[in-house]
Structure formats: structure tokens, C-alpha cells
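Note sheet for the following structure.
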Amino acid sequence: MYYISDLHSHIDQEVSLKGWVINSRSSKGIEFIVFRDGTGFLQCIVDENNVGSEVYELSKTLSQESSVEITGKVIKDERQIGGLELHVNNLKIINLTNNYPITNKSHGVQFLMDNRHLWLRSKRQWAIMRVRNSIIYAIHNFFQNEGFMQMDAPLFTGNAAEGSTTLFETEFYDRPAYLSQSGQLYGEAMAMAMGKIYTFGPTFRAEKSKTRRHLSEFWMIEPEMAFYDNEMNMNLIERFIKSVVSEVITRCSSELEVLERDVQFLQKVVETDFPRISYDDAVKVLNGVKEINGITSIDLLNKDLKAITEQIEQVNNDIVEREEILSDETLKQKKRNFIQNKIDILKNDLIDLQEKASHIPEWIKSAQNFKYGEDFGGSDETVLTRMFSLPIMVYNWPKDIKAFYMKRDDENPDLVKGVDVLAPEGFGEIVGGSERETDYDILLGRIREHKLPEDVFKWYLDLRDYGSVPHSGFGLGLERFVSWITNTKHIRETIPFPRMYGRLEP
RNA sequence: UCUCUAGUAGCUCAGUUGGUUAGAGCACCGGACUGUUAAUCCGGGUGUCGUUGGUUCAAGUCCAACCUGGAGAGCCA
């Protein structure tokens, strides 16, 4: 048995493939079958003169998503994606499909999500899942090569660890229990046993968030390193992200092509130092007080707004032009329908553009009014990364907006040594990390300040009693990372079966 | 939880200040065409207009409540 991904080494040979029909087109005496087998896509040509009328007639009955065994000769053809096609000699139908719901036309989000179990077969979803797999592989690869040990943190926890977030409550032998929102505290314990560890597991948050960046169940990677300060932590994060991106570029070139991902952009991420900016400076940038590359955030946003406004004008003119054509009453019905459809499409584009344009003034306002001491909102992150077009690292945060375990800054007790990595192009925070507080009394004080129950942190405080050492770590949200790498606007497409507010099936 | 927005054919949508029998494209079936890339062209029929109540001679269209989505805010990875 052969797979499409191996065919390059079988050019001009006869092979037999098993898979599914994506689509078929026909002309007189020739049938084009677009075929997939999970490893790739291939156009198969059934020529009546070549296969005879029996196989040719069979090929005409093939419907979308029918499963088939298909035999033929591999031929080089530059016109095709992948540069190959199959000249069919024989064909066997395994299962003939009727009325496959996802057609080769556009569908709405709800319909596709309701058919997620089938949607995963579609080309774009296929590509996203393949990239996700390569990212997972690259993450393990990186940490294993660096001498990290993978550990599994518990999913049942007895307490709402960091306080702020809402957790899913469940029952554990007649006691209330919560699904874990982070494995970090357990990771710290393990790092004191192993030196360098990382967790890779599911995480649960019960917030009723309805945005393109949130899931109720997502996967997180949380490394924790003994004897690392935040500087070393940031260096590791940067090397780590570059390593994973670089591996995806080499392993997933055809997937990135399907996704229409700008590989040059990713290549730049691998080759350029990530900008590192203190929270203080980030606030100045947002407020428009500090310039980056010779321009303030406010000026850059206004420039963006102007460009979008011009685009809107252009689309508007386009619509008016077509409507004028429609006013000709002698126009044939067919032609009229065609133009009307085009106008409807343009009107939808217009709505998108107008929505974009309407956001920018809000972003400007939010950025200008941003006050020192607040946490960045979604739009603030977009504005900050817009200034660099690279992932940026924001460090030295006000202690009041960060978790209790972060280490205070020696020079300014109001700051903690945390770091957030913001992905460019509006994909938001992909990494949150910090150096951890090592002093027993300060940590206990922070737990009390946050009004957290002391008794459940007793074991955690033990880590500061017995051989406490400087240590740091971070958490990477897998789906947000996949979103960014694959340029997928909504996080729900980056996990096979998303669990989010209002979605438990399929 | 709040703000905005939507629900019309299997799917994507149009439907004018309320007014005859609610329209397209696609999917599906048949036909034409020997290289198509969501092929194209010709022919074929499909509706509890989200639900309930109200206003009216008349409601897909107006009003109210509810249900279900989408975008954003908050929260965060």
C-alpha cells in the first residue's frame, strides 16, 4: 500500500492508493477525481480511452467523500499542487457516499462546528491539524534535547489555585474538586526533584468567554527550571519559540501553503531578536508618548485607519458601478443573477471592512486612556505588537495585576519579575511566565494579600522551607500558538473538538 | 454578566415605505463538452420565514418576550 506523501519516489510507477474522493469534475471522455488519503491530495485522471468503459462509468458515479481504492501511474505535472497526478488504470469503490453535508461552497460557522467530525476532513482543517501535530512534536523535541523531563500534573485539584479564575467544579469521593487551571505549582515541586521539567496537558477554565482567543478546555505546556532567573527564562522562551517555528517551517511547507501562511514572516521571527520592553515602556508606547521605529502608536493606527477607509471607498465605488449595470432592464436573467451575487459578496466585504474601521478609533481611545497599573486588553496587545510585527516580550509588571507566586523586583518592590509574550497580528498573549518568589515569609504574605486559603498551600510553602532556590518557568497556550503559526483567526479551529462556552458536541 | 448584531430551501444568502403565487446561487438528478482546478453551459423542485403572543383588512417585513448563534468587553493561555 502506498501513500500520497511517498509518491515523489515512485514517479512513472504504478501504485495503489486507498482514500476518499474530495470532488470530481468531468469533460467528455475524461473524469478528474480529486483524492485524499490523509497524507496529502492528488488529482487522478480517468481517461475512457485508457481504462475502458466499465471503469469509466464507475468513476462517473463517484460522489464527494466516497471511499475508494485507486490504481494508476504516477505522473509529474507541474500544474498540480504537489506537482504530481495519477493516471488511473483501475478503480474500486469501498463505500459510496450520499449527500455529504459539507459541499465545496461556503458554509457558516455554526453549520461547520455542528459538523466538526466531518469538517476535519476539509483541506484547511487538515493543514491546521498537521501543523498542530508538528508543533507538539517540535515542543517535545526541544525540551527533550535540552535535558528537560516531561511530567504529568494532576487534573483534579482541591482548590482554586491562583484565585482569580472560575474553575469547573466536580466531585471527588464526596468532596468538591476542581479541574486544573494550571500544573505550575506541581511543576515547581518536580523541578526541585529533577532540575528542569515541563508539563504538557489539558487545562480547564470555566469563564464564559466568547472571544476568538478563548477555550474552556485547552492544552498548555509549562516548563519549570531550578536555578533560572527571569533573564534566563526569557532567553529560553525566545530560543524555544524560534526552534518550534523553525521546525514547522521545514516540516510543514505544503500545509503552510494550503493555509496561505506568509512563510517569510515566520522566517523573520526565527532570525530576528524579539523586542523586549518593560511594562513601563509598553504603557508609554500605548499612550503615544514613546516612538517605535520613528512613529507613535497613535500615528500608526491613524495611518492604518486611512488605508482601510480608502479600501472601503473603493469597494463602495465597485458596488455602485455594478448596480448601474443592473439598472439596464434588457439584461438577461442569468447575467443579472451573476452581478447580484457579486454585489452581495462585495457588501459582505464592506461590512467586514467597516467593522475593522470602527474598531480602530476604539483602539486608539483605549490606548490613549490606558493607565499605568492596568492589565492590557485584547486591543492593547494588538496595538503593541502592531508596532513591531514580531512577538514581543513585556517584562517587569506591577505586582497587583499578577499572580501571588511571582518574584518581587529587588529594586522596585511594586514590580514583579514576570514576562508575557505577545504574538503579532492580533493573536494575543501566547506565553505567560515569571521568576518565582523564593522567600517563605514574602510568599506567605502574598497568599494572605490575595486572600487565598493558607492550608492548601502548605505543601507549596514547604518548597521554600527545604532548599529553596531561584527558579523560573512559563506557560505556553498550545492552541493560541497554533492559531498564530497557522494564521487561524479563531482558536476553535486549532483543536480537533473544541470545548467552549455553549459547545459540548460533537 | 454587559454592548452590538443575526435567525428565510439541505447549504450560503437576497427579499424595497406591510400588499397577488416568497427568490437566487450551490448541493442533488439528467444532458452537452477530450485537461478541468469550488470547471463551464442547458433542463428539472425544494419552504412551520427561530418560537410564542400582539398591532392590522393584510405581517418574512411593525411591536414585546423568549430561544439559539456571531462579534466585542471583562477574565485569561
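Here the structure is a predicted model, which is why all the values come from computation and not from measurement. Each chain gets a letter, A, B and so on, in the order the sequences are listed, and its residues count up from 1.
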Identify all side-chain donor-acceptor contacts of residues 365-372 of chain A below 3.5 Å with residues at least two apart in sequence or on another chain.
from: A:Ser366; atom 1: OG; to: A:Asp380; atom 2: OD1; distance (Å): 2.9
from: A:Asn369; atom 1: ND2; to: A:Lys365; atom 2: O; distance (Å): 3.3
from: A:Tyr372; atom 1: OH; to: A:Asp280; atom 2: OD1; distance (Å): 3.3

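- Comparing the C1' positions of B:G60 and B:U48 gives a spacing of 13 Å, expressed to the nearest Å.
- B:U3 and B:G74 have their P atoms separated by 16 Å, with the value rounded to a whole Å.
- Spacing between B:A39 and B:A27 at atom C1', rounded to whole Å, works out to 16 Å.
- We find that CZ of A:Phe370 is positioned 14 Å from C1' of B:G74, with the value rounded to whole Å.
- For A:Asp47 and B:U34, a side-chain-to-base donor-acceptor distance below 3.5 Å is absent, hydrogens and geometry of angles not being considered.
- In this structure, A:His107 and A:Phe111 have parallel ring planes: the angle between them is below the 30° cut-off, well short of the 60° mark.
- Contact annotation for A:Glu479: no contact, since no heavy-atom pair falls under 4.0 Å across all strands.
- Nucleotide B:A24 is matched to B:U12 when pairs are restricted to Watson-Crick or G-U wobble geometry with both distances under 3.5 angstrom.
- For A:Arg213, no side-chain nitrogen or oxygen approaches OP1 or OP2 of B:A71 to under 4.0 Å.
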Every protein N/O lying under 3.5 Å from an N/O of nucleotides 1-7 of chain B:
from: B:U1; atom 1: O4; to: A:Lys208; atom 2: O; distance (Å): 3.4

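- Comparing the same atom, P, in B:G35 and in B:C29 gives a spacing of 23 Å after rounding to whole Å.
- A:Val431 comes within 4.0 angstrom of the backbone, heavy atoms only, and of no base.
- Cation-pi check for A:Lys242 over A:Phe274 is met; the charged atom lies under 6.0 angstrom from the ring centroid and within 45 degrees of its normal.
- Taking 4.0 angstrom as the limit, A:Arg492 places a side-chain polar atom (N or O) nearer than this to OP1 or OP2 of B:G70.
- Nucleotide B:G72 forms a pair with B:C2, judged by Watson-Crick or G-U wobble geometry with both contacts under 3.5 Å.
- Counting only residues at least two apart or on different chains, no ring-ring contact (aromatic ring centres under 6.0 Å, His included) pair has a member in residues 203-222 of chain A.
- Here A:His117 pairs with nothing under the side-chain hydrogen bond (donor to acceptor under 3.5 Å, both in side chains) rule; sequence neighbours left out.
- Taking the charged nitrogens against the carboxylate oxygens, A:Glu479 and A:Arg213 have no contact shorter than 4.0 Å, which rules out a salt bridge.
- The side chain of A:Asn99 approaches B:C28 more closely than any other nucleotide in the set B:C76, B:G35, B:C28.
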At a cut-off of 3.5 Å, list every protein nitrogen or oxygen paired with a nitrogen or oxygen from nucleotides 9-12 of chain B, distance to 0.1 Å.
from: B:C11; atom 1: O2'; to: A:Ser106; atom 2: O; distance (Å): 3.4
from: B:C11; atom 1: O2'; to: A:His107; atom 2: ND1; distance (Å): 2.5
from: B:U12; atom 1: OP1; to: A:Gly108; atom 2: N; distance (Å): 3.0
from: B:U12; atom 1: O4'; to: A:Ser106; atom 2: O; distance (Å): 3.3

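- Taking the C1' atoms as reference points, B:C13 lies 24 Å from B:G72, given to the whole Å.
- The distance from atom CD1 of A:Ile30 to atom C1' of B:A39 is 13 Å, rounded to the nearest whole Å.
- The gap from the P atom of B:A58 to that of B:U68 amounts to 32 Å, rounded to the nearest Å.
- Rounding to whole angstrom units, NZ of residue A:Lys365 and C1' of B:A73 are separated by 13 Å.
- No contact: A:Thr203 has no heavy atom under 4.0 Å from any strand.
- Each of A:Tyr228, A:Phe142, A:Phe200, A:Phe143 was evaluated against A:Phe148; a single residue qualifies, A:Phe143, per the ring-ring contact (aromatic ring centres under 6.0 Å, His included) test.
- A tilted orientation is assigned to the rings of A:Phe240 and A:Phe474, their planes being inclined by 30° to 60°.
- The pairing partner recorded for B:C62 is B:G54, the criterion being a Watson-Crick or G-U wobble arrangement whose two distances lie under 3.5 angstrom.
- Residues forming a side-chain contact (heavy atoms from CB on, under 4.5 Å) with A:Glu31 (at least two apart in sequence, or on another chain): A:Ser24, A:Ser26, A:Ile33, A:Val46, A:Tyr56, A:Ser59, A:Lys60.
- Using a 4.5 Å heavy-atom threshold, the side chains of A:His471 and A:Glu435 count as separate.
- Residue A:Glu85 is in base contact, counting any heavy-atom pair closer than 4.0 Å across all strands shown.
- The side chain of A:Thr211 lies closest to B:G74 when the candidates are B:U36, B:C33, B:G74.
- Under 4.0 angstrom from either OP1 or OP2 of B:A39 there lies at least one side-chain N or O belonging to A:Arg25.
- Atom CD in A:Glu207 sits roughly 13 Å away from atom P in B:G74 (whole-Å rounding).
- Checked against B:U34, B:G35, B:G72, the side chain of A:Lys28 finds its nearest nucleotide in B:U34.
- Remark: A:Asp304 engages A:Arg386 in a salt bridge, criterion side-chain N to carboxylate O under 4.0 Å.
- In this structure, CE of A:Met500 is placed 12 Å from C1' of B:A71, rounded to the nearest angstrom.
- Pairing for B:G47 is absent, with no Watson-Crick or G-U wobble pair whose two atom distances lie under 3.5 Å.
- Base engagement by A:Asp77 is indicated by at least one non-hydrogen atom pair under 4.0 Å involving a base atom.
- Figure legend: A:Lys417 and A:Tyr395 shown without cation-pi pairing, the cationic atom not lying both under 6.0 angstrom from the six-membered ring centre and within 45 degrees of its axis.
- Once the 5.5 Å centre distance and the 30° plane angle are applied, the aromatic ring of A:Phe32 is found not to be stacked with the base of B:G35.
- Side-chain nitrogen and oxygen atoms of A:Asn23 include at least one within less than 4.0 Å of the OP1 or OP2 phosphate oxygen of B:A39.
- Comparing the C1' positions of B:U52 and B:A71 gives a spacing of 28 Å, expressed to the nearest Å.
- Figure legend. B:C41 is base-paired to B:G31; pairs are counted as Watson-Crick or G-U wobble with both atom distances under 3.5 Å.
- Annotation: side chain of A:Leu305 is not in contact with side chain of A:Leu301 (no heavy-atom distance under 4.5 Å).
- Atom pair A:His214:NE2 and B:A73:C1' shows a separation of 11 Å (rounding to whole Å applied).
- One C1' atom belongs to B:C11, the other to B:G45, and the distance between them is 16 Å to the nearest Å.
- One atom, CG of A:Asp420, and another, C1' of B:C75, lie 14 Å apart when rounded to the nearest Å.
- Residue order along RNA chain B, read from the 5' end via each residue's closest nucleotide, puts A:Asp380 first among A:Asp380 and A:Leu215.
- Distance A:Leu62 CG to B:C28 C1': 16 Å, rounded to the nearest Å.
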